[in-house]
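By convention in this document, chain letters (A, B, ...) are assigned in the order of the sequence lines, proteins followed by strands, and residues within each chain are numbered from 1.
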Protein chains: 2
Amino acid sequence: MTQHHEPALDRIRALPSWLLNRAAGRGRRLLGEAFAHEGLRMPHHAVLAAVADIGPVAQAGLVRKTGFDPKDMVGILNDLQRARLVTRTPDPDDRRKNVIALTAEGRDCLGRLAQLGDEANRALLAALTPAEREQFVALLARVAEEREEGPVG
Amino acid sequence: MTQHHEPALDRIRALPSWLLNRAAGRGRRLLGEAFAHEGLRMPHHAVLAAVADIGPVAQAGLVRKTGFDPKDMVGILNDLQRARLVTRTPDPDDRRKNVIALTAEGRDCLGRLAQLGDEANRALLAALTPAEREQFVALLARVAEEREEGPVG
DNA sequence: TAAAAAACGTTGGACACCCCAACGAAGATC
DNA sequence: GATCTTCGTTGGGGTGTCCAACGTTTTTTA
C-alpha cells in the first residue's frame with residue numbers, strides 16, 4: 001500500500017487536456033509561421049473566408065457566422081482593410097452597418113492562405129499515417145464539439 | 001471550372017489546427033472550472049506535481065523539470081506559497097537558490113487536483129467510447145510531440 | 001406617434017498560456 | 001583574482017478568448 005506513486009507530473013502530461021494544449025500550441029506555431037509571410041494570423045483567415053462565403057455582409061453578420069467576439073472582429077477587419085483585402089463601407093440602407101466586401105487581392109490572399117494552412121496542417125499531422133489522420137480528425141471533431149449531453153431531451 | 005467552392009469557413013473549421021484549438025479551449029475551460037474551488041489553475045497543478053516528484057528542489061530544478069518559463073515559475077510559486085501548499089526557503093548551501101518543498105496541505109491539495117483533473121478530462125472525452133478514448137489519446141500524444149523529423153540523424 | 005427595445009460598431013478591460021531579454025547576487029571555473 | 005555560469009527576479013511582448021459598456025441608429029411596442 002505504501003507503493004511509490006507514479007510520477008505525478010508524467011501523469012498530468014498524459015492527460016488529454018495537457019496533450020490538447022500542447023498539440024494546439026504546436027498548430028498555432030506552425031500556422032503562425034506559415035501565415036507570417038502574409039502578415040496575417042488564424043482569425044484573419046477565418047474572417048476572410050467568412051466574407052468570401054457570405055458575400056458583402058455587415059460586421060454583425062460576420063460575428064454571427066464566425067462566433068468571434070465583436071471587439072475582436074473590429075481589430076481583425078481593421079487589419080484586413082489596411083491590407084486592402086476587404087473593403088468596409090457604410091451601408092446606405094442602414095447607417096448602423098458597415099458593408100464588408102472581399103477585394104480581388106482578398107480573394108487571391110485567401111487562396112494562398114488556404115494552401116499555406118493546408119501545408120501547416122500536413123506538417124502538424126506528419127507523424128500520423130493517412131488512415132490515422134482521418135481517424136484522429138474524426139475523433140477530434142467530436143471532442144471539440146461544444147454540445148452538452150443534456151439530460152436526455 | 002467555375003464550380004462553387006465549398007464554403008471556405010467550413011473548410012477551415014474542419015482543419016486539425018482549428019479543431020485542436022477548439023478542443024484545447026474546451027479542456028482549459030473544464031479544467032479551469034474544476035480547479036476554481038482550489039483557486040488554482042493548470043500550471044499550479046503541474047508545478048505542485050513536479051515538487052511532489054522531485055522532492056525539495058530549487059526553482060531552477062522545477063524550471064528544467066516542467067519546461068515552464070522562469071518568470072512564470074516565480075508567479076506560480078508565489079501563488080502556491082501564499083496558499084501554504086509549498087514552502088520557499090533560502091538554501092544555506094547555495095545562497096542563490098530557494099528550496100521549494102511540499103507541505104502536508106500541498107500533498108492533500110495535489111490529490112484533490114488530480115481527482116478534479118481526471119473528472120474534467122472524463123467530461124472532456126465524454127463523447128467518445130472507452131476504446132475511442134484510448135485510441136484518441138494515443139494519436140494525440142504523437143501529434144503533440146514536439147520532435148522535428150530531422151533529416152535522418 | 002412617442003417611448004421602449006433591440007441591433008450595430010466601437011472602446012476598454014480582463015484572463016490563460018507562451019516566450020524572450022536583462023539584471024544583481026552568488027557560485028564555479030580557469 | 002578574473003571570467004563565466006547559474007539562480008531568482010523583473011519587465012515586456014504576443015496569441016486567442018471573453019465580458020461590460022457606450023453612443024448611434026433601427027425596429028418594435030404601447
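The side chain of A:R29 contributes no N or O atom lying less than 4.0 Å from OP1 or OP2 of C:dC17. At least one side-chain nitrogen or oxygen of B:R88 sits closer than 4.0 Å to the OP1 or OP2 atom of D:dT9. Taking side-chain N and O atoms only, B:R95 has no distance below 4.0 Å to OP1 or OP2 of C:dG24. For C:dT10, one of the phosphate oxygens OP1 or OP2 lies less than 4.0 angstrom from a side-chain nitrogen or oxygen of A:N98.
Side chain of B:T103 to backbone of B:R84: a donor-acceptor contact under 3.5 angstrom is found.
The base of C:dC20 sits with one of its N or O atoms less than 3.5 Å from a complementary donor or acceptor on the side chain of B:D69. Applying the 3.5 Å distance criterion, the base of D:dT24 shares no donor-acceptor pair with the side chain of A:R96. No N or O donor and acceptor, one from the side chain of B:K71 and one from the base of D:dG8, sit under 3.5 Å apart. Evaluation of atom-type donor-acceptor distances gives no pair under 3.5 Å for the side chain of B:R28 against the base of C:dA16.
Nearer to the 5' terminus of DNA chain C, by closest-nucleotide assignment, is the contact made by A:D94 (compared with the other of A:D94 and A:R22). Sequence order on DNA chain D of the closest nucleotides to B:V57 and A:P43 puts B:V57 first from the 5' end.
When all heavy atoms of A:A50 and A:L62 are compared, the pair lying nearest together is CB-CD2, 3.8 Å.
In this structure, the CD atom of B:Q59 is 18 Å from the P atom of C:dA25, given to the nearest Å.
Using a 4.0 Å cut-off between a side-chain N of Lys or Arg and a carboxylate O of Asp or Glu, B:D118 and A:R11 qualify as a salt bridge.
For the atom pair CD1 (A:I54) and CD1 (A:I100), the distance works out to 10.5 Å, reported to the nearest 0.5 Å.
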